[in-house]
Number of protein chains: 2
Amino acid sequence: MSKNKTQSRQRRGSHQPTLAQVAEVAGVSSITASRVLNDPERVNASTRQRVLEAMEHLGYVPNLIAGSLASARSRFIAVIVPSLANTVFIEVIKGLQATFEAAGYQILLGNTDYDIEREQQLVRTFLGWSCSALVTAGLKHTPACRRLLKECDRPVMEVMELGDAMDLNVGLDHQEAGRCMARHLLGRGYRQPVYVGARLSDDYRAGMRYAGHREVLQASGIEPLLIELDQLGSLEEGARGLEQVQAHYPGADAIHFANDDLASGALLHAQRLGLRVPGDIAIAGFNGLPLGQYVMPRLTTIQSPREAMGRLAAEQVLRRLDHQPVTQPQQDVGFTLMLGQST
Amino acid sequence: MSKNKTQSRQRRGSHQPTLAQVAEVAGVSSITASRVLNDPERVNASTRQRVLEAMEHLGYVPNLIAGSLASARSRFIAVIVPSLANTVFIEVIKGLQATFEAAGYQILLGNTDYDIEREQQLVRTFLGWSCSALVTAGLKHTPACRRLLKECDRPVMEVMELGDAMDLNVGLDHQEAGRCMARHLLGRGYRQPVYVGARLSDDYRAGMRYAGHREVLQASGIEPLLIELDQLGSLEEGARGLEQVQAHYPGADAIHFANDDLASGALLHAQRLGLRVPGDIAIAGFNGLPLGQYVMPRLTTIQSPREAMGRLAAEQVLRRLDHQPVTQPQQDVGFTLMLGQST
DNA sequence: TACAACGATGTTAGCGCTAACATGTTAGCG
DNA sequence: CGCTAACATGTTAGCGCTAACATCGTTGTA
């Protein structure tokens, strides 16, 4: 047994060099070394140089966890989306990531799989990581999640759709988008359009577009028809959608799909079946994915500015984090009807 | 000036309830409250119950940063990919995420934009977050990055391609995939195939496939032809690729595209131009994306098991983190030639 | 009956960093 | 030349949590 008084308990921690060691090598105090990293202007150039050399020499990697604990703020932004399978969210994430990374923030990505209980759990975890702000897709949350978000005293951004948001909100009016496409179809003379979506209670934004579609049809005295599929967005499921429409509504003259994946799948399938589009049946989508612009005939769809939505959302959050005033907490990014030859 | 001895300096930190407060309410010490969260079995059921109630009552959210600092391990897994625009990486990420999340790990996602300097910086940042392991796409790193990864004393998984990995490695042999497709094309009787890729030094795996393609052609005494495009994977760029082949190599009878996005774009463009595929020109891709299976004619391509690759990679890393032996640090997930009608 | 073994809980001492406050040093100015 | 402001750097005390070690009762067993 050692009698060495200085030897107390077992050492813990990693075996990485620490700021204190860097400081010792550079012959300064650790706070000066800290300032070299966090506020270099406040340190004399020659001192700074010595500290940087010491860091280089020791292979120092700053322990960001310790820094976050001490300063009570991390540079994390929590981003919570319902799915990674859907290109739409990926593109929003790209916009968010580009903007946040440029500002020195790291994204913590969470995937709810369209389950708001899971979302609540993710919010708790991310708050536990002292994230600086939270960005979440959609306005639908559990009551407990809503409470957490309201009381967490950080910027909270809800993206994708517009509505009764709790803090910041960037998105578009999905119901209006549904109305827009329905008006287009009626304007083109179609009299028996069918809306085809999948799991509309999960993908409730598609449900909102259906609500708009339905509203327009009812106002014109046309009965709204709906087919609900199982898979959210795949070419294959779109083909199935086309077949179901033919089976259930043989008189249908147009299909308003909930998204471009389904619509493109139907379009490609129609080609195989030898159906003329729009002669035998018109097809419309939503999203404005590149694919829809590359099929024949080109797909009529609604373009949503997804990456721009991510960027704008991130900018608003950054403004809030910089304590700049946010004049418009709610921003409508709009959408564009893109006329193809499929209607 | 206050003379109160207990009042020292300004309070810092968040204003969230702490474990100590929970412990006080529950009438236990804070380590007991800590154990309720981290090792519930070690705490008497009735005590545990009281602690949980206190947590609920105070709305306690564990400070994971403090926990990570104290225990010198976070439950982060760093995942570094070159792009989010490419479905391929998204699918690998999906596989990784599903597996890691189920095991209670949080993914830290980094995007290098095909820049290995950026990768090095991301590795530093993620090491600073005390990530438990790192997963990175590819074997190409800066020397400094390689050193960081070698010395960080954590599992390091390199995914996508096989080769001289530093620790764990899950992927497929891209050169062999290139050979496989080239052999297929020669076997079908094509004698002037052109390889079309984009930015092959960035997307060096596509470059490796080209190397395989080239090797097979040269062995048969056929001159390898190459066209290099600017954009990595878009339908539009594929269409451009087709046009460039026609312009530069009018005698070409087949195009071996670096990926399915390019190939599908070319296929759809051929349709518009009224070109017969494979009559006028054969088209092949790589990846096995759903789109390729939905165009007409169906695309001949090579299927890579991307989500499975992510899952397998995550399982290997988890095994290492659990101190279980990893018998095969390098695993080949293979690929499958999928014959369509486009060749 | 003694004592090891175990279970439940507590005490102590940091993890590596930075906010707040403190001190010393130099420049600027009437 | 004295005073202040601005700059450069240091000292101290945690941030909230958990590893390591300590303690105490309760069993089981020789």
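Convention: sequence-line order gives letters A, B, ...; per-chain numbering from 1.
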Go through [options] for me and flag the one nearest to the [X] side chain.
X        : options                   : answer
Leu69(B) : dT9(D), dG16(C), dT11(C)  : dG16(C)
Thr18(A) : dT18(C), dG16(C), dT9(C)  : dG16(C)
Ile31(B) : dT18(C), dG10(C), dT9(D)  : dG10(C)
Ser29(A) : dT11(D), dA19(D), dT18(D) : dT11(D)
Val28(B) : dG10(D), dT18(D), dG10(C) : dG10(C)
Asn63(B) : dT9(D), dC17(D), dT18(D)  : dC17(D)
Ala70(B) : dG10(D), dG14(C), dT18(C) : dG14(C)
Tyr60(B) : dA19(D), dT9(C), dC17(D)  : dC17(D)
Ser30(B) : dT18(D), dT11(D), dA19(D) : dT18(D)

Will you find, in the side chains of [X] and [Y], an N or O donor that is under 3.5 Å from an N or O acceptor?
X         : Y         : value
Gln316(A) : Arg319(A) : yes
Glu158(B) : Thr136(B) : no
Glu119(B) : His141(B) : yes
Gln21(B)  : Tyr60(B)  : no

Across all strands shown, which nucleotide pairs with dT26(D) by Watson-Crick or G-U wobble geometry, both distances under 3.5 Å?
dA5(C)

Going by purine N1 to pyrimidine N3 plus the second Watson-Crick contact, or the G-U wobble pair, all under 3.5 Å, which nucleotide sits opposite dG28(C)?
dC3(D)

In this structure, how many angstroms lie between the [atom2] atom of [N] and the [atom1] atom of [X], rounded?
X        : N       : atom1 : atom2 : result
Arg35(A) : dC7(D)  : CZ    : C1'   : 11 Å
Glu24(B) : dG16(D) : CD    : P     : 15 Å
Leu58(A) : dG16(C) : CG    : C1'   : 15 Å
Asp39(A) : dC7(D)  : CG    : C1'   : 13 Å
Glu41(B) : dT9(C)  : CD    : C1'   : 16 Å
Ile65(B) : dC15(C) : CD1   : C1'   : 14 Å
Asn38(A) : dA19(C) : CG    : P     : 7 Å
Leu37(B) : dG16(D) : CG    : P     : 16 Å

Applying the side-chain hydrogen bond (donor to acceptor under 3.5 Å, both in side chains) test to Glu53(B), which of Gln49(B), His57(B), Arg50(B) qualifies?
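It is Gln49(B); the other options fail the test.
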
Below 4.0 Å: OP1/OP2 of [N] and any side-chain N or O of [X]:
X        : N       : value
Thr32(A) : dT9(D)  : no
Arg73(B) : dA19(D) : yes
Thr47(A) : dT9(D)  : yes

Need one value for Ser68(B): base, sugar-phosphate or nothing, where a base atom within 4.0 Å counts as base even if backbone is also close, heavy atoms only.
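No contact.
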
Among Met166(B), Gln120(B), Arg154(B), which residue meets the side-chain contact (heavy atoms from CB on, under 4.5 Å) test with Leu149(B)?
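Option passing the side-chain contact (heavy atoms from CB on, under 4.5 Å) with Leu149(B): Met166(B).
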
5'-most contact on DNA chain C: Ala66(B) or Arg48(B), nearest heavy atom basis?
Arg48(B)

